[in-house]
Amino acid sequence: MHSLRLHHHPLILRTPSSSSSSSSRLAALSLSTMATSSSSLTLPSISLQKLPSFNASHSFKSSNSSFWFRNVTLRSARDRNLDRSRVFMSASVGSQAIVDDALFSDYKPSSAFLFPGQGAQVVGMGKEAQNVPAAADLYKNANDLLGFDLLDICVNGPKEKLDSTVISQPAIYVTSLAAVELLRARDGGQQIIDSVDVTCGLSLGEYTALAFAGAFSFEDGLKLVKLRGEAMQEAANAAKSAMVSVIGLDSEKVQQLCDAANQEVDEANKVQIANYLCPGNYAVSGGVKGVEAVEAKAKSFKARMTVRLAVAGAFHTSFMEPAVSRLEAALAATEIRTPKIPVISNVDAQPHADPDTIKKILACQVTSPVQWETTVKTLLTKGLKKSYELGPGKVIAGIVKRMDRSADIENIGA
């Protein structure tokens, strides 16, 4: 596991003078808290990136489509503020740009889109989306890109097939973005979308959030998610591993439980907290024998219960290391742009603006614990007023309500 050290650089925008600029159902995915050093990564210096031009008329049918800009009237006040901040920290030189990764560090959330991760899938999802042409088109495009009928599996199952890592990840990605289209089609939906000023997603959901924020196209995101699912499945097949949710303990007690279990198993079977989901609900990943030891000892640590998760293996641990190189290669070949709004990372619960940094974080995300508890707590502490869970299931809404019963969150399914 690696520790995360981010190197922030001043923003220098360099654009051609001729161009114009505009502005039991858990996702078993986790990780140590921001202060923890058990999972860390040293990120190299930011490299030069050419900033793209964004077009408000892009549609999902285009290979360069952006959810943020599909038939959207740009949000003038916030966009002007963002443009001013970029101008303040930029200088025009040549035709390339260095983006300050800390561009969004002072974000003040008001309205958030939250996207679910693996485990949220359910047979029947996607059926409602067929009533909205723009949402239905997403499944048609996905079928063409994936080479199989994703919609049929979403709507009709069988459950065992939908639950597989290689199917569930693209299925949840497409269904979650279809939910955006269902929201857009309803009265006042476009105004809600325009009001969103921060987004994030649980593990897999981070890719959905990045697609919504315009960091990459729907098609490029789907290709990445497809490869991610395949690579994680292959890594899981390479070693016997598992995940289990521990219910009813705080994170310190769960860490002590892991330490006790690790004393009884060899190095290949050690376990760690892989998903900091919310108080009293943490997922532990590791070798099968280590997970069995956690289950056996949980009651003695006063845990209310343990639930073995129906996933392929020990996600968000070093067991997923074989998947990293494939992800790195795919990310290197993908055009990633600075998101239009802050997208909170699962790795460190912080927003990142530099495309190269985003690529590095996505690559190490599969071996790093998910900081979802810190992410939600930070959003609430910073003054988040309204949030929407878009996609299948209501896991995220349950987490938010558990952390703040007065929180205003709405589910938008598809």
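- Panel note: side chain E328, backbone A363; no donor-acceptor pair is recorded below 3.5 Å.
- Of all non-hydrogen atoms in T199 and F115, the two that sit nearest each other are OG1-CE1, 3.3 Å.
- The closest donor-acceptor contact from the side chain of N346 to the backbone of S203 lies under 3.5 Å.
- Between the S368 side chain and the Q365 main chain, no donor and acceptor come within less than 3.5 Å of each other.
- Ion pair K386/E410 flagged as a salt bridge, since at least one NZ, NE, NH1 or NH2 atom sits closer than 4.0 Å to an Asp/Glu carboxylate oxygen.
- Ion pairing between a basic and an acidic side chain is recognised when a charged N comes within 4.0 Å of a carboxylate O; R184 and E181 show such pairing.
- Under the 3.5 Å distance criterion, the side-chain polar atoms of Y107 are left unmatched by any main-chain donor or acceptor of V343.
- Under a 3.5 Å cut-off, the side chain of R402 and the backbone N or O of P279 do form a donor-acceptor pair.
- For K359 (side chain) and T334 (main-chain N/O), a donor-acceptor pair under 3.5 Å exists by modelled atom type.
- E219 has no carboxylate O lying under 4.0 Å from a charged side-chain N of K223, or vice versa, which leaves the two without a salt bridge.
- A distance-only check finds no donor-acceptor pair linking the side chain of S318 to the backbone of E321 [under 3.5 Å].
- In this structure, a donor-acceptor pair under 3.5 Å is present between the side chains of D194 and Q190.
- Not a single donor-acceptor pair under 3.5 Å links the side chain of S387 to the backbone N or O of I409.
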